[in-house]
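Following: one structure in structure tokens, then a few remarks.
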Amino acid sequence: MSLSTSGPHTDHSGSMGSRSSTYRPEIDGLRAIAVVAVIINHLNKSWLPGGFLGVDVFFVISGYVITASIAGRRNQSLGPVLREFYRRRVQRLTPALFTCVTITALLTCWFVPEPGSSLITGAASLFGVSNLYLLKEATNYFGTDASLNPFTQTWSLGIEEQFYLLFPILAWWLLQRRNHHLNVTLPIAVLGGLFLLSLQQFIQIINTDPTKAYFLTTARMWELLAGTLVFQLRTSGSGLGLYPLPAVVPAILLAPVLAMHAD
């Protein structure tokens, strides 16, 4: 149930540089609420049973912000865009992640009688694949086995990193088509199609294989794509470019966070 605060999450400006006048405070506000909800849920699930949905809100925000950051460089060729994008991801994420994994691994060896699985999860998180390892181990995120693994929380970081591998290329290509044809139809059609495919997979497996639905990137991708669609709609010039629009989808997801009660 981790929340990555690195990478494009810190830049809402539509560029990959410093913040500008297009900074959107409502996004930071929603992100803060999502983080607090997850923390409360971790401390005591009975205090806020729906708090785990804060991660879903974070995925939507992440999809929006990553698209905005790439859009800020839409007039550049693909090579420089990708080099700068991944340089910033590595520069912001790697030092904090490596430090966290190292310290946690040492403490795990000290306090956990059989730390093997936890250490493998930690090592996998350094390569952005801890969600796949946890899926392979058929880990129930809400089960006792997961609560004893201090690296289980890195699953969401794995999903985001895997999404980042290919999406920047797709986003840049779609933005180029949009620039040339001066319409948003193709980007919305492509992203909307991928959104529906991912959502369909999630719905199909959520009851039959909830572990797969929880950890598999393709089954979670619809949440990130929801954020990309919000950006495309907001900048489409179709009357949907209202200031609060980026907050709408995450805000809708926050409603069950606050309303959900334990059975």
Side-chain angles (χ1 to χ4, degrees), residues 1-10 31-32 34-45 51-63 65-66 85-168 202 205 209-221 223-224:
M1 203 180 293
S2 69
L3 297 173
S4 168
T5 57
S6 62
H9 294 156
T10 56
R31 184 163 51 186
V35 171
V36 171
V38 171
I39 292 173
I40 293 175
N41 182 265
H42 272 297
L43 291 174
N44 191 323
K45 290 181 174 60
F52 62 90
L53 292 177
V55 179
D56 303 85
V57 175
F58 228 75
F59 280 154
V60 177
I61 294 173
S62 180
V65 176
I66 186 179
F85 178 84
Y86 291 120
R87 181 193 68 78
R88 288 171 62 87
R89 301 294 81 75
V90 171
Q91 184 177 26
R92 292 190 178 194
L93 177 63
T94 302
L97 179 61
F98 184 81
T99 300
C100 178
V101 168
T102 300
I103 294 174
T104 305
L106 291 173
L107 293 174
T108 299
C109 291
W110 196 344
F111 292 106
V112 177
E114 297 180 4
S117 179
S118 296
L119 296 178
I120 294 175
T121 307
S125 72
L126 294 174
F127 298 94
V129 293
S130 59
N131 62 312
L132 300 180
Y133 173 74
L134 292 168
L135 175 61
K136 174 178 173 294
E137 295 297 298
T139 302
N140 176 3
Y141 185 86
F142 298 98
T144 303
D145 55 341
S147 64
L148 296 177
N149 185 341
F151 295 106
T152 304
Q153 323 304 332
T154 63
W155 71 272
S156 64
L157 182 60
I159 287 178
E160 290 199 46
E161 290 186 4
Q162 290 155 36
F163 182 75
Y164 293 161
L165 285 177
L166 295 177
F167 180 75
F202 179 81
I205 65 177
D209 193 346
T211 298
K212 191 173 184 179
Y214 201 94
F215 290 122
L216 189 63
T217 301
T218 54
R220 285 284 194 168
M221 194 168 62
E223 296 172 312
L224 290 144

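Just so it is clear, the model here is predicted, and its values are computed rather than measured. Heavy atoms only: backbone and side chains are in, while hydrogens, waters and symmetry mates are out.
L216 CG to Q162 CD: the interatomic distance, rounded to the nearest 0.5 Å, is 8.5 Å. Remark: N149 CG to E137 CD distance equals 9.5 Å, nearest 0.5 Å. If you take CD on E223 and CG on D56, they are separated by 4.0 Å, rounding to the nearest 0.5 Å. Here OG1 of T217 is found 10.0 Å from CZ of R220. Values are rounded to the nearest 0.5 Å. The distance from the CG atom of L119 to the CG atom of L106 is 9.5 Å, given to the nearest 0.5 Å.
Residues F59 and I159 have side chains in contact (heavy-atom distance under 4.5 Å, counting atoms from C-beta outward). The closest side-chain heavy-atom distance from V55 to V38 is below 4.5 Å. The closest side-chain heavy-atom distance from I120 to Y133 is below 4.5 Å. In this structure, the side chains of N131 and L135 stay at 4.5 Å or more apart for every pair of heavy atoms. Annotation: side chain of L157 is in contact with side chain of L93 (closest heavy-atom distance under 4.5 Å). Between I66 and L224 the shortest side-chain heavy-atom distance does not fall below 4.5 Å. Annotation: side chain of T211 is in contact with side chain of F215 (closest heavy-atom distance under 4.5 Å).
S62 and Y164 share a donor-acceptor pair across their side chains, judged by distance under 3.5 Å alone.
Residue pairs satisfying the side chain to side chain donor-acceptor pair (under 3.5 Å) criterion with at least one member in residues 96-109, sequence neighbours excluded, are absent.
The nearest pair of heavy atoms linking F163 to P168 is O-CD, 4.1 Å. Here the closest heavy-atom approach between residue L134 and residue T152 is recorded as CD1-O, 3.8 Å. Heavy atoms only, all atoms of each residue included: A219 and A213 are closest at CB-O, 3.9 Å. Annotation for V101 and G122: closest pair CG1-O, 3.8 Å, computed over non-hydrogen atoms. T154 and T121 make their closest contact through OG1-CG2, 4.4 Å (heavy atoms, listed as atom of the first residue, atom of the second, distance).
Aromatic ring pairs are classed by plane angle as parallel below 30°, tilted from 30° to 60° and perpendicular above 60°; the pair W155 and Y214 is tilted.
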Practice task
Go through the steps to decide whether F202 and M221 satisfy the test side-chain contact (heavy atoms from CB on, under 4.5 Å), and finish with yes or no.
Solution key: CA-CA 9 Å; F202 179 81; M221 194 168 62; over 6 Å; no

Practice task
Assess whether side-chain hydrogen bond (donor to acceptor under 3.5 Å, both in side chains) is satisfied between S125 and S130, documenting all intermediate values.
Solution key: CA-CA 5 Å; S125 72; S130 59; 5.4 Å; no

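Looking only at distances, no side-chain donor or acceptor of E161 sits under 3.5 Å from a matching main-chain atom of V129.
Figure legend: R88 and F85 shown without cation-pi pairing, the cationic atom not lying both under 6.0 angstrom from the six-membered ring centre and within 45 degrees of its axis.
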